[in-house]
Structures are given as C-alpha cells and as structure tokens.
Student: 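Handing you a structure now.
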There are 2 protein chains.
Amino acid sequence: MGGAITRDQIIEQADRLFYERGFEHASFTDIAAAVGISRGNFYYHFKTKDEILDAVIDRRRVKVQAMLDGWEAEGRTPVERVRRFVHILIANQTAILRHGCPIGTLSTELIKLNHTAQDRAAGLFTLFRDWLARQFHAMGWGADADALAMWVLAHSQGVATLANAFRDDAFLQREVADLCAWLERLSVTSPSTTPATVGAAADVRREFEVFRQPVTRA
Amino acid sequence: MGGAITRDQIIEQADRLFYERGFEHASFTDIAAAVGISRGNFYYHFKTKDEILDAVIDRRRVKVQAMLDGWEAEGRTPVERVRRFVHILIANQTAILRHGCPIGTLSTELIKLNHTAQDRAAGLFTLFRDWLARQFHAMGWGADADALAMWVLAHSQGVATLANAFRDDAFLQREVADLCAWLERLSVTSPSTTPATVGAAADVRREFEVFRQPVTRA
DNA sequence: GTCTATACCGGGATAGAC
DNA sequence: GTCTATCCCGGTATAGAC
C-alpha cells in the first residue's frame with residue numbers, strides 16, 4: 001500500500017534527478033533525500049540502481065505515449081499534431097534551457113557508460129519517430145514519411161542541445177517558429193490537400209524535392 | 001623534457017577517454033593505464049581532474065581552430081568551406097556513430113554536472129558558429145549569417161545525436177547529402193553570386209525566405 | 001619525474017533491528 | 001516497510017621513497 005506510493009515517489013524523484021544531474025551523477029543519497037526516506041529503505045523497493053533506471057525509462061515511455069495519444073486526439077489535422085510536437089520545445093523551454101532534452105541527454109549518457117539500457121533509452125526516440133512518421137504518412141508523404149520524421153526529430157534535438165549549451169531562449173523560439181512555418185508550407189502543398197492533382201509516387205517525390213529546404217528565421 | 005612528453009600523452013589519452021566514456025566515467029586509472037604510467041605520477045603533471053579537463057578543452061580548441069583554418073585555406077568558395085564542415089559527419093562517421101559529437105556530448109555532460117568548465121565547452125561550439133557565420137556572410141547573407149550558422153550547427157548536432165542513438169549510418173549519410181544539396185541551392189541564389197540584381201537587405205531576406213526549407217532525402 | 005603505498009571519501013549495496 | 005549500522009569498492013588525492 002504505502003509501499004507502492006513510496007516506490008512511485010522514488011521513481012518520480014529519480015526521473016527528475018536523472019534528468020537534472022544525469023544518471024551516474026545522481027546518487028542514492030540524493031534520491032533518498034528528495035523522497036524523504038533513508039538510503040537503506042531504498043533497497044526494499046529496488047535491488048540495484050539499474051532497476052531504478054529501468055523503472056524511470058518505463059515511466060517516461062508511459063508519459064510520452066500518453067502525450068502522443070493526447071496530441072492525436074486534440075489535433076484535428078496531422079499538421080496541427082506535428083506542430084504540437086514542435087511546440088514541446090516552447091512548453092518545456094525552461095527545463096530544456098537548463099537541462100537539455102530528457103531523452104537525448106539520457107541516451108547520450110547511457111551510450112558513454114556503455115550501459116545495457118542504452119537501447120531502451122533510444123526506444124523513447126522511436127516513439128516520437130513512429131508517431132511523427134504516421135502524421136507525415138497521413139499528410140500523404142508515403143515512403144518519405146519516416147525520413148521527414150527523422151529530419152524533424154533530429155533538428156529539434158539539435159536545437160535543444162544548442163539552446164541548452166548557449167542558454168539561448170531567443171534561438172529556441174526562433175527555430176520553433178521556423179519549423180512551424182516550414183510545416184505550414186509543407187501542408188499547403190502536401191498531396192493530401194491536393195489529392196486529385198497528384199497521382200504517382202514519383203510526382204509526390206518531385207514535388208517534395210522542391211519544398212524540402214531548411215528554415216532559419218521568421 | 002620527458003615530462004612535457006608525458007604531459008602531452010596524458011592530455012591526448014584523457015581527450016580520447018573523455019570522448020569515449022565521458023568525463024566523469026573516465027577514471028585516473030583508465031587514463032594512467034592508457035598512457036602507461038602509474039596513478040601517482042599523474043599528480044606531478046596535474047593537480048586535479050579539472051585541470052586535465054581544462055587542458056583537454058584547450059587542446060580541442062587548438063585542433064578545431066586548425067581545422068577551420070585549414071578549410072578556410074583549402075575551400076575556394078564559402079560554399080565549399082561550409083560543405084567541408086558538413087562533411088566532418090562523414091569523415092568522423094565511425095566515431096560519431098559510436099560516441100556522438102565530441103563537443104555536444106561534453107557540453108551536455110558538463111551542464112549536468114554543473115561543472116565550472118561548461119561555458120568553456122560551449123565555447124568550442126562558438127568557434128564553429130563564428131566560422132560558419134563568416135562563410136554565410138561572405139555568401140552575402142549579411143544579418144542572417146549567424147542565424148544560418150546556428151541552423152546548420154543545430155541540425156548537424158541533432159543528426160549526430162540521433163545517428164549515435166540509433167547507430168544509423170545510412171541516416172547520417174542521407175542527412176549530409178541533403179544538407180549539401182541545400183547548400184548548393186543556397187549558393188545558386190545567393191546574393192553574392194548575383195550581386196547586381198539584389199540591392200536592399202529586404203530583397204535578400206525575401207529571397208532567403210523562399211529558399212530556406214528543410215531537406216530530408218536525396 | 002616516476003614510482004609505491006596509503007589516506008580519505010562517497011558511491012552502491014547488505015544485514016538485521018524495529 | 002522503514003530504519004541504523006556497516007561493508008566493500010573504486011574514486012580522487014597525498015606522502016614520501018627512489
């Protein structure tokens with residue numbers, strides 16, 4: 001009963017501290033202090049630190065999936081949904097400027113540690129990747145949907161990293177605005193909005209070629 | 001004499017190990033073993049681990065600057081020079097797939113550790129940023145040069161992070177090809193190649209608007 | 001300048017009382 | 001379920017012989 005509550009609190013605080021200080025740097029002492037329990041009590045709930053990491057990644061999976069489902073339900077069009085994705089950079093601006101992208105920084109760290117959970121961390125990226133690809137697919141980009149998803153994901157990731165490194169909120173906002181402007185243009189000429197005029201996959205691709213170019217300022 | 005050589009070797013191996021395993025995770029034991037000296041001998045050359053980090057960042061500054069100077073000398077046009085920048089993703093492909101971007105991952109880690117050297121690490125990004133901005137400036141993008149520089153830097157950074165997380169060399173290559181294609185288009189319509197037709201800054205900006213859109217596939 | 005030996009601390013992890 | 005006490009290890013850092 002109370003045990004489950006404590007366990008949840010441990011996961012919640014560990015999640016936060018892993019994000020703020022990094023997995024390796026966040027100690028049991030830190031987490032115990034944050035939860036308000038003794039270090040020893042800890043091991044009743046988790047046998048090792050890696051077990052806590054697993055639980056944290058699970059928690060993040062659930063939260064990410066819930067967020068994506070929410071966007072799916074809210075956004076009327078695929079474009080609106082992708083825009084919601086891009087806007088997490090704004091919604092979480094303060095945290096990103098301070099600590100970077102929660103997924104990117106965790107993934108990067110676990111790779112350095114050669115940790116067994118590195119693939120599970122990368123799996124968090126996959127949730128976004130597949131969701132984005134589905135949106136672009138719905139927009140009619142077919143075979144290019146995944147490439148577009150990776151492009152948006154990579155750019156957002158890079159923006160988060162540099163905004164974090166430079167603590168530059170203006171840069172972050174500008175990039176979000178430009179990504180949205182690009183999305184707008186993409187949607188206007190998307191085959192899904194002009195289904196009658198575009199038939200063959202080759203035509204879609206040719207049209208795509210014209211419109212895929214970087215955005216830098218609004 | 002031999003001391004200076006040892007010192008250089010320590011910095012060299014520390015640089016490599018900080019990149020491969022991360023600053024915190026790379027221990028004195030690791031570095032000492034790599035250099036082939038005892039842990040104790042270490043402290044004759046550096047009083048603390050932070051001092052080694054400082055030396056490593058200095059070393060990276062020098063190497064980055066030399067690389068940028070080299071590109072400046074080699075590349076005949078600004079576009080060719082920027083292309084050289086983008087191509088480091090290919091040149092260092094193996095290392096990037098395994099360990100990510102040396103600058104991005106170090107910067108990210110030091111921020112998590114709230115390390116005093118975090119700004120010095122971000123300064124490595126600044127070297128690239130300013131150099132890229134100068135290239136775009138030479139291409140005629142004037143006030144937008146820095147924004148373009150940041151855009152390219154951020155995108156490259158994101159590509160490195162995701163290529164690392166997914167160990168996806170095909171993605172990395174595709175993104176480089178697309179970045180180069182975008183550069184090509186940018187250069188064709190750059191005000192520097194058509195100086196007579198473009199006068200006011202507003203015209204440059206308007207023209208710029210048309211051509212800044214994302215690239216996703218080749 | 002390089003070594004061995006060692007101090008010291010904080011990390012993760014365990015044992016056992018309550 | 002939670003605590004205190006403790007273990008063990010590996011980390012950084014120091015002392016002092018050579």
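Note on naming: letters A, B, ... go to the chains in the order of the sequence lines (proteins, then strands), and numbering restarts at 1 for each one.
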Student: Only counting residues at least two apart or in another chain, list the ones meeting salt bridge (charged side-chain N to carboxylate O under 4.0 Å, His left out) with B:Glu20.
Tutor: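 B:Arg16.
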Student: Does a side-chain N or O of A:Tyr44 approach OP1 or OP2 of D:dT2 to a distance below 4.0 Å, or not?
Tutor: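 Indeed not, no polar side-chain atom of A:Tyr44 lies that close.
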Student: Name all residues meeting the side-chain contact (heavy atoms from CB on, under 4.5 Å) criterion together with A:Asn92; count only those two or more places apart in sequence or in a different chain, and write none if there are none.
Tutor: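 Partners of A:Asn92 under the side-chain contact (heavy atoms from CB on, under 4.5 Å) test: A:Ile88, A:Ile96.
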Student: Under the side chain to side chain donor-acceptor pair (under 3.5 Å) test, which residues partner B:Asp146, sequence neighbours left out?
Tutor: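 B:Asp146 satisfies side chain to side chain donor-acceptor pair (under 3.5 Å) with B:Arg129 only.
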Student: Between D:dT4 atom C1' and A:Phe42 atom CZ, what is the distance in whole Å?
Tutor: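 One finds 17 Å between C1' of D:dT4 and CZ of A:Phe42, rounded.
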Student: Near DNA chain D, which residues from residues 51-58 of chain B have a heavy atom under 4.0 Å away?
Tutor: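 None - not one residue of the stretch has a heavy atom sitting under 4.0 Å from the strand.
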Student: Output a table of donor-acceptor pairs, distance under 3.5 Å, between side-chain atoms of residues 130-140 of chain A and any protein atom two or more places apart or on a different chain; print 'none' if there are none.
Tutor:
from: A:Trp131; atom 1: NE1; to: A:Leu68; atom 2: O; distance (Å): 3.3
from: A:Trp131; atom 1: NE1; to: A:Glu72; atom 2: OE1; distance (Å): 2.9
from: A:Gln135; atom 1: OE1; to: A:Arg81; atom 2: NH1; distance (Å): 3.3
from: A:Gln135; atom 1: NE2; to: A:Glu72; atom 2: OE1; distance (Å): 3.2
from: A:Gln135; atom 1: NE2; to: A:Trp131; atom 2: O; distance (Å): 3.4

Student: Holding to ring pair (Phe, Tyr, Trp, His ring centres under 6.0 Å), I want the full list of residues that pass it with A:Phe46, two or more places apart in sequence or in another chain.
Tutor: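 In terms of ring pair (Phe, Tyr, Trp, His ring centres under 6.0 Å), with neighbours along the sequence ignored, A:Phe46 is linked to no residue.
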Student: When every nucleotide of nucleotides 11-18 of chain D is labelled 5' to 3' by its protein contacts under 4.0 Å (heavy atoms), B for base, S for sugar-phosphate only, - for none, what sequence of letters results?
Tutor: SBBB----
Student: Taking only residues two or more places apart in sequence, or in another chain, which ones meet B:Arg98 in a side-chain contact (heavy atoms from CB on, under 4.5 Å)?
Tutor: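 Here the qualifying residues are B:Thr94, B:Arg167.
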Student: At less than 4.0 Å, is any side-chain N or O atom of A:Thr6 found next to OP1 or OP2 of D:dG1? Yes or no.
Tutor: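 No, outside the criterion.
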Student: Between D:dT4 atom P and A:Ile37 atom CD1, what is the distance in whole Å?
Tutor: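 Taking CD1 of A:Ile37 and P of D:dT4, I get 11 Å after rounding.
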Student: Between B:Phe18 and B:His25, is the ring centre distance below 6.0 Å?
Tutor: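 No - the distance between ring centres of B:Phe18 and B:His25 does not fall below the 6.0 Å cut-off.
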Student: Check side-chain contact (heavy atoms from CB on, under 4.5 Å) between B:Asp119 and all other residues, then give those that pass, not counting sequence neighbours.
Tutor: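 Applying side-chain contact (heavy atoms from CB on, under 4.5 Å) to B:Asp119 gives none.
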